[in-house]
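Small disclaimer: the values here were computed from a predicted structure and weren't measured. Nothing fancy with the numbering, it's 1 onward along the sequence.
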Amino acid sequence: MKIGLMKSSEVKRVLIIAGSDCSGGAGIQADLKTLTAFGVFGMTAITALTVQNTLGVHKIKNLPVDFIKSQIDVCISDIGVDAIKIGMVHKAEIFDTIFDALSTHNLLNNDNVKIVLDPVMFAKGGSALLEKEAINALKIFIKKVNPLVTPNIPEAELLSGIKISNKKDMIKAGKKILESGAGSVLVKGGHLNDNNLVDYILYEDKIIDFFSKKINSKNTHGTGCTLSSSLAANLAKSYSIEESMNLAHNYVKNCIKYAPSLGKGHGPLNHFY
């Protein structure tokens with residue numbers, strides 16, 4: 001169904017708080033493509049501008065924190081929101097800004113608004129996207145906001161302090177992140193040296209696994225952004241965590257499978273396969 005034919009009460013709204021990728025493969029550009037593919041209305045509050053392409057991140061320009069908060073405020077106060085996805089946050093003070101904005105609009109501990117946090121620390125090519133001094137601010141933010149956190153293995157290691165070498169370690173790290181305040185955790189297993197991939201979702205006393213075969217492809221730029229936005233889109237539609245993950249998992253797999261092989265490095269996905 002096209003959004004233009006829907007009643008306003010039927011349109012689900014997701015606010016993306018993240019960095020911009022000028023090459024279109026990751027960041028808010030990937031997020032908006034994903035939300036559109038799921039028929040969800042997307043809004044953005046840009047935290048940083050990046051100069052990047054399939055070969056890596058070349059420059060990062062931060063935006064003033066009051067400007068970031070203003071973007072969040074005008075979207076929520078006017079259009080409203082059913083879910084929020086937080087991606088690249090480069091500096092510690094931006095976490096405080098986001099927390100203040102969420103508090104102002106009474107979105108903390110609000111069961112009607114789901115919050116997904118993709119703790120973006122490194123770009124696909126290895127460039128740091130989170131300053132070292134901001135890691136502690138990220139941990140404090142997780143404790144205060146209790147979001148669904150979606151780390152890959154290097155990010156889960158930093159958040160949990162646990163070295164991950166196998167699937168048991170993934171679960172152990174996920175439990176540690178839950179104990180640190182996350183409402184739920186998705187630990188992504190793509191960095192393990194195994195053709196049989198597994199992701200784990202942990203929440204309450206549940207551990208749910210999602211298996212797939214690794215696709216041998218260099219076109220994986222923006223997979224983390226795309227997966228977390230898929231989750232936000234489907235949680236906004238009131239699907240459960242398990243249902244949302246099933247839909248997101250399938251979507252990302254096909255986005256990689258049918259990727260167009262653009263660029264000289266890690267190519268973007270095909271969000272409209």
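Side-chain N/O atoms of S229 and D31 include a donor and acceptor closer than 3.5 Å. Side-chain contact of N53 with H58: a donor-acceptor pair under 3.5 Å is present, judged by distance alone. For the residue pair H105 and N110, no side-chain donor N or O sits within less than 3.5 Å of a side-chain acceptor on the partner. For the residue pair S228/K85, the side-chain donor-acceptor check at 3.5 Å is satisfied. Between the side chains of Q29 and S20, at least one donor N or O sits under 3.5 Å from an acceptor N or O. Looking at D199 and H249, their side chains do bring a donor and an acceptor atom within 3.5 Å of each other. A donor-acceptor contact closer than 3.5 angstrom is absent between the side chains of D21 and T50.
Of the possible donor and acceptor atoms, none in the side chain of K253 sits under 3.5 Å from a partner among the backbone N and O of S212. A donor-acceptor distance shorter than 3.5 angstrom exists from the side chain of T54 to the backbone of G265, with no hydrogens or angles considered. In this structure, the side chain of S217 engages the main chain of N219 through a donor-acceptor pair within 3.5 Å. The backbone N or O of H271 sits less than 3.5 Å from a side-chain atom of Y251, completing a donor-acceptor pair. No donor-acceptor pair under 3.5 Å is formed between the side chain of S184 and the backbone N or O of L202. A donor-acceptor contact shorter than 3.5 Å links the side chain of K237 to the backbone of F38. When atom types are taken as modelled, the side chain of D78 and the backbone of V74 share no donor-acceptor pair closer than 3.5 angstrom. Here the side chain of R13 pairs a donor or acceptor atom with the backbone of I79 at under 3.5 angstrom. Between the side chain of S240 and the main chain of E243, a donor-acceptor pair closer than 3.5 Å is present.
With rounding to the nearest 0.5 Å, the separation of CD1 in I17 from CG in L102 is 6.0 Å. In this structure, CD on E93 lies 11.0 Å from CD1 on I98, to the nearest 0.5 angstrom. Separating the CG atom in L235 from the CG atom in L148 is a distance of 6.5 Å, to the nearest 0.5 Å. To the nearest 0.5 angstrom, I153 atom CD1 is 5.0 Å from M170 atom CE. In this structure, CD in E242 is found 3.5 Å from CD1 in I208, a value given to the nearest 0.5 Å. For the atom pair CD1 of I115 and CG of N146, the computed distance is 8.5 Å after rounding to the nearest 0.5 Å.
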Chi angles and distances behind the salt bridge (Lys or Arg N to Asp or Glu O under 4.0 Å) call for K188, D118: CA-CA 11 Å; K188 299 175 290 190; D118 184 18; 3.8 Å; yes
Verdict with reasoning, I142 to V149, per side-chain contact (heavy atoms from CB on, under 4.5 Å): CA-CA 8 Å; I142 290 170; V149 186; 4.2 Å; yes
Worked verdict on L227 versus L186 for side-chain contact (heavy atoms from CB on, under 4.5 Å): CA-CA 10 Å; L227 182 63; L186 164 63; 3.8 Å; yes
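Taking both residues in full, the closest heavy atoms of A30 and G25 are given as CB-O, 3.3 Å, listed atom of the first, atom of the second, then distance. Taking all atoms of both residues into account, the shortest heavy-atom contact from V185 to P151 is CG1-CD, 4.1 Å. Summarising the geometry of G80 relative to M43, their closest heavy-atom pair is O-CE, 3.3 Å, with the distance given to 0.1 Å. Minimum interatomic distance between T97 and K69 (heavy atoms only, all atoms of both residues): CG2-CB, 3.6 Å. For the pair A45 and L15, the tightest heavy-atom approach, listed with the atom from each and the gap, is N-CD1, 4.0 Å.
Counting heavy-atom neighbours within 6.0 Å of Y239 OH, excluding the residue itself, gives a total of 12 or less. Applying the 6.0 Å contact sphere to NZ of K167 captures more than 12 heavy atoms from other residues, nucleotides or ligands. For NZ of K143, the number of neighbouring non-hydrogen atoms (other residues, nucleotides, ligands) closer than 6.0 Å is 12 at most. The 12-atom threshold is exceeded at CG of D66, counting heavy atoms of other residues, nucleotides or ligands nearer than 6.0 Å. In K144, the NZ atom is crowded: over 12 heavy atoms of neighbouring residues, nucleotides or ligands sit closer than 6.0 Å. Sparse packing is recorded around NZ of K61, with 12 or fewer heavy atoms of other residues, nucleotides or ligands lying under 6.0 Å away.
Contact check for K91 versus N62: side-chain heavy atoms found under the 4.5 Å cut-off. T150 has its side chain within reach of P119: a pair of non-hydrogen atoms, C-beta onward, lies under 4.5 Å apart. Within the 4.5 Å cutoff, side-chain heavy atoms of L138 are placed close to those of M121. Side-chain contact between M245 and L231: present, with at least one pair of heavy atoms (C-beta onward) separated by less than 4.5 Å. In this structure the side chain of L269 reaches within 4.5 angstrom of the side chain of T223, judged on heavy atoms.
In the hydrophobic clustering of ILVMFWY residues, with side-chain heavy atoms under 4.5 Å counting as a link, I76 and V65 come out together. When hydrophobic clusters are built by joining Ile, Leu, Val, Met, Phe, Trp and Tyr residues whose side-chain heavy atoms come closer than 4.5 Å, directly or via intermediates, I215 is grouped together with F210. Under the 4.5 Å side-chain heavy-atom criterion for ILVMFWY residues, a single connected hydrophobic cluster contains both L49 and F67. In the hydrophobic cluster analysis, where Ile, Leu, Val, Met, Phe, Trp and Tyr join through side-chain heavy atoms closer than 4.5 angstrom, L32 is grouped apart from V89. The hydrophobic cluster containing I46 also contains I72, counting ILVMFWY residues as joined when their side-chain heavy atoms lie under 4.5 angstrom apart, directly or transitively.
Ring orientation note: the planes of Y258 and Y273 are close to parallel, at an angle under 30° on the 30°/60° scale.
The cationic atom of K33 (NZ for Lys, CZ for Arg) does not lie both less than 6.0 Å from the six-membered ring centre of F272 and within 45° of the ring axis.
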